**Q** 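Okay, handing you the structure first.
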Amino acid sequence: LNIEFLPVLRDAKSGFGTPTSDEERTAMSLGTTHFLMVINAYDGDALLPEILEYSTRLLKQYSGATDIRKLSANERNCRQRQISDFCQIF
């Protein structure tokens with residue numbers, strides 16, 4: 001699969017995910033206590049509230065998640081909130 005024009009999520013070590021695949025070093029296991037879920041909204045964010053609600057409900061129902069934080073990383077929020085590590089994907 002050619003990912004040339006797809007966003008690549010990166011941290012200080014390397015790229016760790018694209019919309020179609022994840023890096024093995026960031027895979028979840030039974031010991032996972034924290035994770036980052038990225039929702040790519042290529043067609044805009046009109047459905048994003050519904051998608052976030054559905055995702056939150058599933059996380060609570062199937063994993064017992066209790067501390068779910070939602071962050072929008074659009075360009076404006078990246079500038080205003082100084083969330084530069086996450087916003088490097090843009």
Side-chain angles (χ1 to χ4, degrees):
L1 180 64
N2 183 354
I3 65 166
E4 181 179 1
F5 298 107
L6 296 177
V8 177
L9 301 172
R10 301 180 183 280
D11 62 13
K13 293 182 181 182
S14 68
F16 63 83
T18 72
T20 61
S21 64
D22 296 320
E23 173 62 38
E24 188 172 331
R25 81 175 166 86
T26 60
M28 293 176 62
S29 70
L30 292 175
T32 299
T33 59
H34 295 79
F35 79 100
L36 170 69
M37 176 187 291
V38 176
I39 299 171
N40 296 299
Y42 299 116
D43 292 329
D45 59 2
L47 294 177
L48 199 52
E50 181 180 336
I51 294 167
L52 290 172
E53 173 59 35
Y54 180 67
S55 300
T56 299
R57 188 171 66 245
L58 292 176
L59 286 169
K60 288 177 178 179
Q61 181 178 351
Y62 292 106
S63 73
T66 58
D67 186 14
I68 300 172
R69 301 174 195 180
K70 300 169 190 161
L71 172 67
S72 174
N74 61 35
E75 186 177 347
R76 184 188 66 207
N77 286 345
C78 288
R79 285 194 309 266
Q80 292 175 351
R81 294 185 179 177
Q82 302 296 311
I83 51 174
S84 60
D85 287 346
F86 186 73
C87 293
Q88 289 179 6
I89 63 172
F90 292 97

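Please read these numbers as outputs of a predicted model, since none were measured by experiment.
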**Q** Could you state the interatomic distance from OG1 (T18) to CG (L6), rounded to the nearest 0.5 Å?
**A** 6.0 Å
**Q** How many angstroms lie between atom CG of D22 and atom CE of M28, to the nearest 0.5 angstrom?
**A** 10.0 Å
**Q** Indicate the atoms forming the closest heavy-atom contact of P19 with P7, along with that distance.
**A** CD-O, 3.3 Å
**Q** For the CE atom of M37 and the CD1 atom of I51, what is their distance to the nearest 0.5 Å?
**A** 11.0 Å
**Q** Quick one: CD on E53 to NZ on K70, what's the gap to the nearest 0.5 Å?
**A** 6.0 Å
**Q** Counting heavy atoms not belonging to F35, are there more than 12 under 6.0 Å from its CZ?
**A** yes
**Q** Would Y62 end up clustered with Y54 when hydrophobic side chains under 4.5 Å apart are linked, directly or stepwise?
**A** yes
**Q** How about N40: does its CG atom have over 12 heavy atoms from other parts shown lying under 6.0 Å from it?
**A** yes
**Q** Determine whether a donor-acceptor pair (N or O, by modelled atom type, separation under 3.5 Å) exists between the side chain of T32 and the backbone of S29.
**A** yes
**Q** Around atom CD of Q61, are there more than 12 heavy atoms of other residues, nucleotides or ligands at under 6.0 Å?
**A** yes
**Q** Which value, rounded to the nearest 0.5 Å, describes the distance between L52 atom CG and I39 atom CD1?
**A** 4.5 Å
**Q** Which pair of non-hydrogen atoms, one from R25 and one from S14, has the smallest distance, and what is that distance?
**A** NH2-OG, 3.3 Å
